[in-house]
S.K.: 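Next up is a structure, given as C-alpha cells.
Numbers here are sequence positions counted from 1.
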Amino acid sequence: MDRSPPRTQLRWLKALGTLVVCAAILSGAAWAIFEINRTEPTATKIKTTRKSSALVETVIVERGTFAPRLQVLGTVTPARDITLSPRVNGQITSVSENFVPGGMVRVGEELMRIDPADFQNVLSIRRSELEQAEASLEIEKGRQSLAKKELKLLESTIDETNRDLVLRAPQIASIRAEVSAAKAAVERAELELERSTILAPFDAQIISLSVNLGSQVAPGNELARLVGTAEYWVSAALPVRSLQWVQFPSDDRAGSVATLANSDAWPPGVQRSGRVTRMIGTVDDRTRLARVLITVDDPLGKASGEPPLILQSLLQVEIEGRPIRDVVRLQREFIRDDNTVWVMQDDQLQIRECKIAFQDSVYAYLKEGLETGDEVVTSTLATVAEGIGLRRINTPANLDP
C-alpha cells in the first residue's frame with residue numbers, strides 16, 4: 001500500500017516554502033535600507049555668497065566735432081558730351097590722323113575737311129558782286145556831284161520837296177543797300193568756306209565715328225561723338241536724409257571732398273579725389289534716392305599720372321560730410337538693441353538709452369546718452385541686466401577724437 005502524500009499536499013508545501021523565502025528576503029532588504037538611512041551623514045548648510053563678475057573689454061569715449069563719411073556708389077559720366085555735325089554740304093576730302101575712336105584732340109585742332117572748291121567759287125562770285133556794287137556807288141556819287149552843281153544854278157526855282165530828287169539821294173541809298181547786301185553775301189561765303197574745315201570745339205576724346213574719308217555729309221548728319229577731357233562727373237546716389245550732411249559749393253566754401261576707388265581696374269589702395277559740385281534736383285523713381293554730381297579734374301590722368309576714369313564704370317565713393325558738433329562718435333557695432341549702449345560704471349553694467357544724430361557705414365554719432373570719459377563695454381555679454389558685476393580685461397583706450 002502506497003503511503004506517499006498526495007500530489008496536492010506537495011504543491012502546497014512548495015508554495016509555502018517559496019513564500020517564506022521571499023518574506024525573509026524582503027525583511028532583510030528593509031532592514032538594510034533602514035540602517036543606511038539611519039547612519040548616513042547629515043549635510044550642514046554654510047551661509048556663503050559667491051561673487052562673480054563678467055570679463056569685458058572697454059573703450060573711453062570723448063565728445064567732439066566729427067565729419068561723417070558717406071559711402072555710396074557712383075557712375076562716371078562725361079561733363080561735356082556732344083555729337084559732332086557739319087554745317088555745310090559736301091564730301092569729306094581729308095581726315096586727321098587723330099580722328100579715330102579713342103583719339104585725343106586739342107581745342108581748335110582740324111578734324112576733317114569738306115571739299116572747299118564749291119565754297120571758294122561762291123566766295124569769288126560774291127566778291128565780284130561786291131566790287132560791282134561798290135563801283136556803281138562811286139558812279140552814282142559822281143552823278144550826285146554834277147547834280148549839286150546844277151542845283152546851284154536852279155536853286156531859286158527848286159523847292160525843298162524836289163531837292164533830294166535832284167541830288168539823287170534815293171539812288172544813292174539804293175546802291176548803298178546793294179553794297180551792304182553784297183558785303184553780307186561775301187561774309188556768308190567766307191563763313192561757309194571756313195565751316196568746310198571742322199575743328200575740335202574743346203579738348204576731347206573721340207568715342208565713336210560715323211563717317212570717314214570720302215563720305216558725303218550734310219547739316220545735321222552725325223560725324224562723331226566727342227567727350228571733353230578737362231573734367232568728368234561722377235553721379236552718386238544717396239538717401240535723401242543724408243543730403244543735410246553734404247557740403248555743396250557756396251560763395252565762401254567749396255563742396256565736400258569725395259574719395260573715389262575702383263577695386264576692379266585700379267591697383268589696391270589707389271584712390272582719386274573730386275569735389276561735390278551740385279545736386280540733381282530730383283529723386284529716382286525706383287530707388288527713391290537723391291543724386292549728386294562730383295567733379296573730377298584731369299579724369300584721364302594726363303597731367304597727374306593718376307589712373308584714368310572710364311566712362312560708365314561704377315566707382316566706390318566716400319563723401320566727407322559736414323562736421324557734426326558736440327557728439328560722441330562710436331562704432332555702430334557697439335550700439336545695442338533699442339539704441340542703447342552698455343557702460344561700465346563702478347564695476348557694474350549700466351544700460352543707457354542714446355539719441356543718434358546720424359549714422360554712416362562705420363560710426364554712429366550720439367547727441368545724447370554718453371559723455372566724455374564714459375567707459376563703453378565693447379564685449380558681448382551672455383547675461384545682460386542692469387547692475388551685474390563687470391571686470392575689465394584690458395586697459396581702456398580712448399577712441400580717436
Side-chain angles (χ1 to χ4, degrees), residues 69-87 92 94-113 194-195 197-213 215 222-238 246-250 253-280 291-320:
R69 306 191 73 84
L70 311 175
Q71 293 187 350
V72 295
L73 294 178
T75 303
V76 181
T77 60
R80 285 185 173 182
D81 187 354
I82 66 166
T83 298
L84 193 65
S85 299
R87 302 180 69 179
I92 297 175
S94 67
V95 175
S96 168
E97 61 180 9
N98 293 327
F99 196 65
V100 293
M104 299 291 179
V105 295
R106 304 286 294 178
V107 58
E109 180 179 339
E110 181 178 321
L111 303 180
M112 63 179 68
R113 182 172 295 180
E194 181 182 342
R195 288 173 176 173
T197 301
I198 299 175
L199 308 177
F202 44 77
D203 293 348
Q205 183 178 32
I206 312 298
I207 300 300
S208 62
L209 297 180
S210 301
V211 297
N212 214 320
L213 188 66
S215 297
E222 180 178 336
L223 302 179
R225 180 189 172 200
L226 279 66
V227 298
T229 57
E231 64 182 27
Y232 279 178
W233 289 335
V234 177
S235 177
L238 68 164
V246 178
Q247 176 66 54
F248 293 99
S250 60
R253 287 186 179 181
S256 294
V257 175
T259 302
L260 313 175
N262 188 338
S263 58
D264 295 330
W266 298 349
V270 174
Q271 297 177 332
R272 296 206 57 176
S273 63
R275 282 198 177 270
V276 175
T277 51
R278 61 184 58 87
M279 177 182 65
I280 300 175
R291 289 185 297 159
V292 298
L293 288 182
I294 298 164
T295 299
V296 182
D297 296 328
D298 187 26
L300 301 182
K302 288 184 167 296
S304 63
E306 294 179 307
L309 299 182
I310 302 174
L311 292 174
Q312 304 307 318
S313 62
L314 203 61
L315 299 181
Q316 299 168 0
V317 181
E318 187 177 79
I319 300 173
E320 182 178 331

S.K.: Determine the sole option in N212, L199, V211, L213 for which the side chain to side chain contact (heavy atoms under 4.5 Å, CB included) test with M112 is passed.
M.R.: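 In the set N212, L199, V211, L213, the residue that makes a side chain to side chain contact (heavy atoms under 4.5 Å, CB included) with M112 is V211.
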
S.K.: Between L309 and L315, what is the shortest heavy-atom contact and its length?
M.R.: CD2-CD1, 4.0 Å

S.K.: Over all heavy atoms of both residues, which pair between V270 and P307 is shortest? Give the atoms and the distance, please.
M.R.: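 Closest approach of V270 to P307, heavy atoms only: CG1-CG, 3.4 Å.
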
S.K.: What side chain to side chain donor-acceptor pair (under 3.5 Å) pairs are there with at least one residue in residues 267-276, not counting sequence neighbours?
M.R.: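 Counting only pairs at least two positions apart or across chains, the side chain to side chain donor-acceptor pair (under 3.5 Å) contacts touching residues 267-276 are R272-E306.
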
S.K.: Measuring only between side-chain heavy atoms, which start at C-beta, is I207 closer than 4.5 Å to L311?
M.R.: yes

S.K.: Is the number of heavy atoms from other residues, nucleotides or ligands within 6.0 Å of CZ (R80) greater than 12?
M.R.: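 No - once you tally the heavy atoms of other residues, nucleotides and ligands closer than 6.0 Å, there are 12 at most.
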
S.K.: Within this structure, what is the CG-CD distance for the pair L300 and Q205, rounded to the nearest 0.5 Å?
M.R.: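 It comes to 5.5 Å.
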
S.K.: Check I310 against S313 and note the closest heavy-atom contact, atom names and distance.
M.R.: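 Taking I310 first and S313 second, the nearest heavy atoms are O-OG, 2.6 Å.
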
S.K.: Under 3.5 Å, is there a donor-acceptor pair between the side chain of T197 and the main chain of R113?
M.R.: no

S.K.: Just grab all the side chain to side chain donor-acceptor pair (under 3.5 Å) pairs involving residues 225-237, residues at least two apart or on different chains.
M.R.: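 Applying side chain to side chain donor-acceptor pair (under 3.5 Å) to every pair that reaches into residues 225-237, excluding sequence neighbours, yields D81-R225.
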
S.K.: Minimum heavy-atom separation for S304 to D298, with atom names?
M.R.: N-OD2, 3.1 Å

S.K.: How long is the gap from CG on L314 to CG on L73, to the nearest 0.5 Å?
M.R.: 5.0 Å

S.K.: Could you state the interatomic distance from CG (L70) to CD (E320), rounded to the nearest 0.5 Å?
M.R.: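 It is 10.0 Å, given to the nearest 0.5 Å.
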
S.K.: Nearest heavy-atom pair of I82 and P201: which atoms, and what distance?
M.R.: CD1-CG, 3.6 Å

S.K.: I'd like to know if the side chain of S96 reaches the main chain of L111, judged simply by a donor and an acceptor atom lying under 3.5 Å from each other, with no hydrogens or angles considered.
M.R.: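 No; judged by distance alone, with no hydrogens or angles, the pair does not exist.
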
S.K.: Table please: side-chain donor-acceptor pairs of residues 98-107 below 3.5 Å, with sequence neighbours left out.
M.R.:
unit_1, atom_1, unit_2, atom_2, d
N98, ND2, E109, OE2, 2.8
R106, NH1, D203, OD2, 3.4

S.K.: Which heavy atom of P299 sits nearest to which heavy atom of A230, and what is that distance?
M.R.: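 Smallest heavy-atom distance, with atoms named: CD-O, 3.6 Å.
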
S.K.: To the nearest 0.5 Å, tell me how far L84 CG sits from I198 CD1.
M.R.: 6.0 Å

S.K.: Report yes or no: does T277 contribute a side-chain atom to a donor-acceptor pair with the main-chain N or O of L293 at less than 3.5 Å?
M.R.: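 Checked: pair present.
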
S.K.: For the CD atom of Q316 and the CG atom of N262, what is their distance to the nearest 0.5 Å?
M.R.: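 Between atom CD of Q316 and atom CG of N262 there are 7.5 Å.
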
S.K.: Answer yes or no: is there a side-chain heavy-atom contact under 4.5 Å between V246 and M279?
M.R.: no

S.K.: With heavy-atom distances below 4.5 Å as the criterion, would you say the side chains of I294 and I319 are in contact?
M.R.: yes

